[in-house]
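Only heavy atoms go into these numbers, but all of them, side chains included; no hydrogens, no water, no symmetry mates.
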Amino acid sequence: MQITAKDRDLLALLAENARLPVATLAKRLSLSRTTVQARLERLEREGVIAGYGLRLSERYTAGLVRAHVLITIAPKALSQVTSSLDKIQEVTTLHSVSGSFDLIAIITAPSIAELDQLIDQIGTIDGVERTLSSIILSTRIAR
């Protein structure tokens, strides 16, 4: 995929607000509306843009408790553990990582008590050998 500097600028604008009209995007990028529309179509066709999603407000997310849960799994248990974690709605993101842990799950709950229950639930999944959790106090940069 060939991504230009203008494509990156376009993607950055969409990351801030994916609902901006093409005319507004064109004005901010100093390009014609037709050019921006063509770029969007190309980025979608090439799979750079996979879709447009929802970004929750800081006011809403400030009321939630989030944590990183580092997970060590048993050999050959990755697909089973991943499948089990996928069924837990509060697991918002799951990363495979290198190092002493195999996975990092980002989980969200409305309270510390519910977060504690989720962490316990993750620890009981077959194939999970060990977890280490860190509660997220604040987000300093989100793009």
Side-chain angles (χ1 to χ4, degrees), residues 1-31 35-143:
M1 292 178 224
Q2 195 69 13
I3 303 295
T4 67
K6 282 290 186 184
D7 291 338
R8 283 190 293 278
D9 293 342
L10 174 58
L11 293 171
L13 288 172
L14 290 171
E16 288 177 25
N17 182 357
R19 295 181 60 164
L20 285 174
V22 174
T24 303
L25 293 168
K27 184 175 182 179
R28 290 191 184 170
L29 294 169
S30 300
L31 296 172
T35 300
V36 171
Q37 186 65 47
R39 283 177 186 267
L40 284 170
E41 290 170 2
R42 180 179 52 81
L43 292 168
E44 290 170 356
R45 186 176 56 253
E46 292 178 357
V48 174
I49 297 175
Y52 301 87
L54 173 69
R55 214 163 98 184
L56 299 171
S57 74
E58 184 63 34
R59 192 178 83 199
Y60 172 76
T61 59
L64 300 174
V65 183
R66 296 174 296 146
H68 291 171
V69 181
L70 289 75
I71 305 166
T72 300
I73 60 175
K76 300 181 182 178
L78 179 62
S79 63
Q80 177 185 347
V81 171
T82 300
S83 177
S84 295
L85 290 169
D86 187 42
K87 293 174 185 161
I88 301 172
Q89 189 66 33
E90 295 85 356
V91 175
T92 58
T93 310
L94 183 64
H95 302 281
S96 291
V97 295
S98 63
S100 58
F101 291 91
D102 303 301
L103 300 169
I104 297 176
I106 312 299
I107 63 173
T108 304
S111 69
I112 292 288
E114 290 177 70
L115 185 75
D116 187 39
Q117 290 174 348
L118 283 167
I119 293 167
D120 288 345
Q121 180 182 353
I122 290 170
T124 63
I125 293 172
D126 285 339
V128 171
E129 293 184 341
R130 179 171 61 118
T131 65
L132 176 67
S133 304
S134 294
I135 293 175
I136 299 170
L137 299 176
S138 67
T139 300
R140 303 298 176 146
I141 298 174
R143 295 188 177 130

Report the residue from I122, D116, T124 that forms a side chain to side chain contact (heavy atoms under 4.5 Å, CB included) with D120. D116

L10 and side chain to side chain contact (heavy atoms under 4.5 Å, CB included): which single residue from V48, L31, L29 fits? L29

Name every donor-acceptor pair, under 3.5 Å, that has one atom in a side chain of residues 83-104 and the other anywhere in the protein, sequence neighbours excluded.
| residue | atom | partner | partner atom | Å |
| --- | --- | --- | --- | --- |
| S84 | OG | Q80 | O | 3.2 |
| T92 | OG1 | I106 | O | 3.1 |
| D102 | OD2 | I73 | N | 2.8 |

[atom2] on [Y] to [atom1] on [X], rounded to 0.5 Å:
X	Y	atom1	atom2	answer
E16	R55	CD	CZ	7.5 Å
L40	D7	CG	CG	9.5 Å
E58	T139	CD	OG1	6.5 Å
T4	R42	OG1	CZ	6.0 Å
I135	I119	CD1	CD1	6.5 Å

Looking only at heavy atoms, which two atoms of A109 and L118 are closest? And how far apart? CB-CD1, 3.9 Å

Can you confirm whether more than 12 heavy atoms, excluding those of [X], are under 6.0 Å from its [atom1] atom?
X	atom1	answer
Y52	OH	yes
K6	NZ	yes
R28	CZ	no

Is any side-chain heavy atom of [X] less than 4.5 Å from a side-chain heavy atom of [Y]?
X	Y	result
T61	T108	no
L11	I49	yes
P21	K27	no

Please identify each residue that fulfils salt bridge (charged side-chain N to carboxylate O under 4.0 Å, His left out) with R66, with sequence neighbours left out. none

Can you find a side-chain donor-acceptor pair between Q37 and E41 that sits under 3.5 Å? yes

